[in-house]
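I have placed the structure first, in the form of structure tokens, so that the comments after it can refer back to it.
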Amino acid sequence: MLLEDLQVVLKVAEFRSITAAATSLNMRTATASAALKRAEKALGAELFVRTTRQLRLSNAGERYIPQCEQALTMLAQAKHNMKDGLDTVDGELRIALSSDLGRNFAILWLGEFMDAHPKVSLKTNISDSNIDFYRDSVDIALRYGSPSDANLYGFKICNVPSLLCATPGYLAQHGSPQHPHELASHNGLFYQLHDIIHDTWAFSHSGIEYKIKMNGRHASNDGDLVRRWCTAGKGLAVKSCLDMSADLLSGKVVNIMPKFKPRPTELWLICPSRQSITPAVRLLRDMFKQKCSLILKQLHERGFIDDSAFI
């Protein structure tokens with residue numbers, strides 16, 4: 001049985017008309033009619049009951065058509081998957097990156113990706129501001145937080161615990177807080193977005209949430225600068241464990257009050273449309289997952305994060 005004949009059968013079932021099916025498939029009515037007859041002959045059963053006014057599905061057609069639809073859908077997906085596997089990874093990648101993770105990790109990972117795929121070129125937009133895919137001329141974005149717009153498509157890369165961090169030198173000078181209620185006397189280092197300073201920090205422990213209004217003299221819309229202030233001993237910062245991973249593992253900063261957990265987040269690779277999910281984007285997704293998984297495992301082995309990062 002020809003695949004093209006089955007496509008005609010499905011169109012006839014959809015329109016309940018051979019003429020309408022032929023028009024939809026851009027073929028002559030006689031050609032569509034012949035295809036339907038060949039399919040019924042191969043099956044040994046009539047799929048439609050013909051009347052002077054319309055066609056309707058026969059009992060055999062009611063059983064056959066849904067399975068035929070499933071089979072053709074599977075064949076189309078298999079063809080799509082094969083095509084993706086054979087596609088050359090090339091062209092321009094226009095990606096938006098958050099300032100801290102982007103500058104200190106993702107740019108290095110993208111360099112490895114381009115070395116492996118020399119036909120790929122790169123344009124980056126490094127900013128912590130919200131991305132408008134059309135205004136900012138980017139195709140994909142690596143961002144903390146799941147997509148809030150239902151029209152966007154995305155791949156979750158990993159869970160990302162947040163940590164309260166400071167340098168040993170700062171803590172030696174100002175004391176090491178043991179409870180959220182002790183934080184108000186410390187200098188907070190704040191992230192700022194659209195003139196809103198995020199100076200209220202939330203922590204949870206044993207099902208109880210604590211919200212602390214912090215004091216501080218430093219605020220920036222650049223997450224990388226907040227991390228640099230922290231590693232310079234200027235105060236306390238709540239940051240993604242990925243952003244702080246190198247400083248934590250080297251001992252440059254320490255995790256404070258580990259039992260009291262700041263609100264976690266997630267890392268996502270976001271696309272404006274399904275059409276923008278190319279073979280290169282899928283390979284990037286897999287690479288980001290692998291790279292982040294290695295960092296999270298190192299942090300877990302050293303006791304900086306718990307098992308919740310892997311759920």
Side-chain angles (χ1 to χ4, degrees), residues 98-106 128 144-145 157-192 197-220 222-267 288 291-311:
S98 59
S99 64
D100 205 342
L101 187 70
R103 288 191 183 102
N104 299 300
F105 291 97
D128 287 323
Y144 287 119
I157 302 301
C158 62
N159 294 321
V160 185
S162 297
L163 302 176
L164 177 63
C165 298
T167 62
Y170 174 88
L171 297 175
Q173 183 177 356
H174 300 279
S176 183
Q178 302 299 312
H179 192 279
H181 291 153
E182 300 175 24
L183 292 176
S185 62
H186 285 267
N187 187 50
L189 307 172
F190 305 129
Y191 175 66
Q192 176 179 335
I197 297 177
H198 293 265
D199 55 2
T200 298
W201 292 351
F203 302 85
S204 62
H205 175 52
S206 300
I208 301 174
E209 185 169 282
Y210 304 85
K211 288 188 176 180
I212 308 299
K213 176 70 172 179
M214 293 291 298
N215 299 305
R217 299 165 54 208
H218 297 73
S220 175
D222 188 310
D224 186 37
L225 181 53
V226 175
R227 182 188 60 82
R228 290 172 185 267
W229 283 334
C230 183
T231 58
K234 302 298 183 181
L236 310 180
V238 173
K239 290 281 291 175
S240 146
C241 69
L242 292 176
D243 291 348
M244 300 301 298
S245 59
D247 301 312
L248 287 163
L249 293 169
S250 68
K252 183 179 286 188
V253 300
V254 296
N255 180 22
I256 310 165
M257 304 187 323
K259 291 183 180 179
F260 295 90
K261 311 228 178 262
R263 288 174 181 167
T265 185
E266 299 171 347
L267 185 64
F288 287 144
K291 295 290 188 181
C292 291
S293 177
L294 290 173
I295 294 174
L296 293 174
K297 286 178 181 178
Q298 287 180 294
L299 293 173
H300 184 261
E301 290 170 357
R302 294 280 294 274
F304 292 113
I305 61 174
D306 58 26
D307 294 337
S308 63
F310 304 97
I311 295 174

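Here the structure is a predicted model, which means the values were calculated and not measured.
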Atom pair [atom1]/[atom2] of [X] and [Y] - distance to nearest 0.5 Å:
| X | Y | atom1 | atom2 | answer |
| --- | --- | --- | --- | --- |
| Leu299 | Leu242 | CG | CG | 7.5 Å |
| Glu209 | Phe203 | CD | CZ | 10.5 Å |
| Asn187 | Lys234 | CG | NZ | 9.5 Å |
| Ile295 | Ile305 | CD1 | CD1 | 10.0 Å |
| His300 | Phe310 | NE2 | CZ | 5.5 Å |
| Lys291 | Leu296 | NZ | CG | 14.0 Å |

Considering all heavy atoms of both residues, which atom of [X] and which atom of [Y] are nearest to each other, and what is their separation?
| X | Y | result |
| --- | --- | --- |
| Lys211 | Thr200 | CB-CG2, 4.4 Å |
| Leu248 | Asn255 | CD2-N, 4.0 Å |
| Pro177 | Leu183 | CG-CD2, 3.7 Å |
| Ala184 | Lys213 | CB-O, 4.4 Å |
| Met244 | Cys230 | CE-SG, 4.2 Å |
| Leu236 | Trp201 | O-CH2, 3.3 Å |

Problem - Residues which pass side-chain hydrogen bond (donor to acceptor under 3.5 Å, both in side chains) with Tyr144, listed by chain and number, not counting sequence neighbours - result: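 side-chain hydrogen bond (donor to acceptor under 3.5 Å, both in side chains) list for Tyr144, sorted by chain: Ser240, Asp243.
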Exercise for the section: State which residues pass ring pair (Phe, Tyr, Trp, His ring centres under 6.0 Å) with Tyr210; sequence neighbours excluded, sorted by chain then number. Expected result: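 Applying ring pair (Phe, Tyr, Trp, His ring centres under 6.0 Å) to Tyr210 gives His179, His181, Phe260.
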Exercise for the section: Go through the structure and list residues passing side-chain contact (heavy atoms from CB on, under 4.5 Å) with Ile197, not counting sequence neighbours. Expected result: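 Phe190, Gln192, Asp199, Ala219.
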Practice task
Would you indicate whether Lys252, at its atom NZ, is surrounded by more than 12 heavy atoms from other residues, nucleotides or ligands within a distance under 6.0 Å?
Solution key: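 Count not over threshold, so no.
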Exercise for the section: May I ask you to decide if Lys259's main-chain N or O and His205's side chain share a donor-acceptor pair within less than 3.5 Å? Expected result: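 Answer holds: yes.
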Acceptor/donor pairs from residues 98-106 side chains to any protein atom, 3.5 angstrom cut, sequence neighbours excluded:
residue	atom	partner	partner atom	Å
Ser99	OG	Asp128	OD1	3.4
Ser99	OG	Asp128	OD2	2.6
Ser99	OG	Asp222	OD1	3.1
Ser99	OG	Gly223	N	3.1
Ser99	OG	Asp224	N	3.2
Asp100	OD1	Asn104	ND2	2.8
Asp100	OD1	Arg227	NE	3.0
Asp100	OD2	Arg227	NE	3.4
Asp100	OD2	Lys239	NZ	2.9
Arg103	NH1	Asp222	OD1	3.3
Arg103	NH1	Asp222	OD2	3.2
Arg103	NH2	Asp222	OD2	3.3
Asn104	ND2	Asp100	O	3.0
Asn104	ND2	Asp224	OD1	3.1

Problem - Leu189: which of Leu225, Val226, Val238 passes side-chain contact (heavy atoms from CB on, under 4.5 Å) - result: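 Between Leu189 and the candidates, side-chain contact (heavy atoms from CB on, under 4.5 Å) is satisfied uniquely by Val226.
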Listing, residues 159-166 side-chain donor-acceptor contacts under 3.5 Å, not counting sequence neighbours, or none:
residue	atom	partner	partner atom	Å
Asn159	OD1	Lys156	NZ	2.6
Asn159	ND2	Ile311	O	2.5
Ser162	OG	Arg263	O	3.0

Exercise for the section: Sequence neighbours left out, what pairs pass ring-ring contact (aromatic ring centres under 6.0 Å, His included) with at least one residue falling in residues 227-254? Expected result: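 Checked against ring-ring contact (aromatic ring centres under 6.0 Å, His included) - neighbours excluded - the pairs reaching residues 227-254 are His218-Trp229.
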